[in-house]
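Note sheet for the following structure.
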2 protein chains.
Amino acid sequence: MADRTRRKPGETREKLMSAALTLVGKGRHFASLGIREVTRQAGVVPTSFYRHFRSMDDLGLQLVDELGLVLRRMMREARANVLQSDKLIEESVGIFVAHAQANRSFFLFMAQGLAGESRSVQEGIRSEMRFFASELANDLRRLRLVTHLSDADLDLTCDLVVRTVAFSLTDLLSISEDDDYQIGLVQQRTTRFLQMIFVGASHWQRG
Amino acid sequence: MADRTRRKPGETREKLMSAALTLVGKGRHFASLGIREVTRQAGVVPTSFYRHFRSMDDLGLQLVDELGLVLRRMMREARANVLQSDKLIEESVGIFVAHAQANRSFFLFMAQGLAGESRSVQEGIRSEMRFFASELANDLRRLRLVTHLSDADLDLTCDLVVRTVAFSLTDLLSISEDDDYQIGLVQQRTTRFLQMIFVGASHWQRG
DNA sequence: AAGCTATGTGTACACTTGTTCACATGTGTG
DNA sequence: CACACATGTGAACAAGTGTACACATAGCTT
């Protein structure tokens, strides 16, 4: 093979993963992808697949790990940008929407995986969401933004927030990538949702 | 054919639809089902499929219609049982959970379809949810349970409620069918979510 | 320099897939 | 009765599928 030497280690692995994401981005559902299809999209021979993944499920699991990185990057940015802002919710939702746009396929994969075919992918995504919610709870506690809630109630609130945002994903991803008007509507509506939740949390009684 | 005469009209059609649901109930994702697979599960020859459906997408669409019926039945029951109750939210969530258990495959299909492969199925389910939310808004208005909100804000609230319940579906359906303890937890958590949302709604300002 | 390992390739096979076609049969309509 | 129609059947096909095997080569370890 002329140029096999040029390939960095793990390059094919990445090609396969992003090939799967590309197909998802094109509207396919992850559960309906086949090994041959993915390798074809990656420009690689089918056998190569097995060098890196045991099965499609396995590939899905590794995508979940990468998804975790994307989410963490997003949280970091949100934390940085939001500290000196008075429009906390609005800003955060904005950052979320921006990241969802920038990593469309990833979030598409996440939305699909929540009710997906692979139990382990499902559990992985769910666990990422739990992590996200607990980080959010930490931040709110640390910034003294929510002080009257018990730990359990704060968790409840953050869980609800994360779910709401995650559900907005399906709205966001079902509209065209460059329909800024519609995107704005979703963003605004999501913001309102969160505002209402936090109003509820601030008037919440007993734990 | 010996017994073809016995078959009621539309019987095969139903067999195909419930075969698809059965497969979904067994953990498969609708997007990954094939025509042959469904006909095999239905105990019917592949060609028969085309007598009733143009494609898998078509079958999905017709399932969405039936899903609509299931939802309407659920609403009717909720309306009947809830009128004379003081624990409105708790009761409603209970009814929802019961229906989700009784029609597991249907709701599984619904949860999958929200981020599914077929644009039209996606839109269909979304539209069922909108309908559900608007009915809920009507009821709340009619029962004078929410009087201080503008129409738009009431819609917002009901939308949020429906989303929250729909998301609970993914929790509910990812745990074992007869794990009553876990089911109870989800039910309780969902109830709390809704209570918090309504607390938020009742303290909501301006439209 | 020799050999091991990770990675990539090509071929092959048995199986499944979607779809088409010609045909059978029970039901309702003229 | 005869005829059209809806429904169901079976055989056939080209294309696509997952996976196994033997082989090539680059880079590391000794």
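In the text below, chain A, chain B and the rest are named by the order of the sequence lines, each starting its count at 1. As a basis for the values below, the full set of heavy atoms in this structure was taken, side chains included, without hydrogen atoms, waters or symmetry mates.
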Q: Enumerate the residues from residues 31-39 of chain A whose closest heavy atom to DNA chain D is under 4.0 Å, giving them by residue number; use none for an empty result.
A: A:Gly34, A:Ile35, A:Arg36

Whole-Å distance separating the [atom1] atom of [X] from the [atom2] atom of [N]:
| X | N | atom1 | atom2 | answer |
| --- | --- | --- | --- | --- |
| B:Gln41 | C:dT17 | CD | C1' | 17 Å |
| B:Leu59 | C:dG18 | CG | P | 12 Å |
| B:Phe53 | D:dA6 | CZ | P | 17 Å |
| B:Glu11 | C:dT25 | CD | C1' | 16 Å |
| B:Leu16 | C:dG18 | CG | C1' | 15 Å |
| B:Phe49 | D:dT9 | CZ | C1' | 17 Å |
| B:His52 | D:dC5 | NE2 | P | 18 Å |

Taking 4.0 Å as the cut-off, does a side-chain nitrogen or oxygen of [X] come that near to OP1 or OP2 on [N]?
| X | N | value |
| --- | --- | --- |
| B:Thr47 | C:dC21 | no |
| B:Ser48 | D:dT7 | no |
| B:Tyr50 | C:dT19 | yes |

(Q) Over all strands shown, is A:Arg40 touching base, sugar-phosphate only, or nothing at heavy-atom distances under 4.0 angstrom? (A) sugar-phosphate

**Q.** Interatomic distance, A:Arg73 atom CZ to A:Asn103 atom CG [nearest 0.5 angstrom]
**A.** 7.0 Å

Q. To the nearest 0.5 Å, what is the distance between CD1 (B:Ile125) and CG (B:Leu63)?
A. 9.5 Å

Q.
List the residues meeting ring pair (Phe, Tyr, Trp, His ring centres under 6.0 Å) with A:Phe193, not counting sequence neighbours, and say none if there are none.
A. none

**Q.** Any residue meeting ring pair (Phe, Tyr, Trp, His ring centres under 6.0 Å) with B:Phe167, in chain and number order, not counting sequence neighbours
**A.** none

Q) Nearest heavy-atom pair of A:Phe109 and A:Val24: which atoms, and what distance? A) N-CG1, 4.0 Å

Q) Could you walk me through whether B:Asp171 and A:Arg126 pass the salt bridge (Lys or Arg N to Asp or Glu O under 4.0 Å) check? A) CA-CA 9 Å; B:Asp171 299 322; A:Arg126 217 170 279 277; 2.9 Å; yes

Q) Mapping B:Ser55 and A:Arg13 onto DNA chain C by nearest heavy atom, which one lands closer to the 5' end? A) A:Arg13

Q: Establish, for the pair B:Arg72 and B:Phe131, whether the NZ or CZ atom is under 6.0 angstrom from the six-membered ring centre and no further than 45 degrees off its axis.
A: yes

Q: Go through D:dT19, D:dT17, C:dT17 for me and flag the one nearest to the A:Pro46 side chain.
A: D:dT19

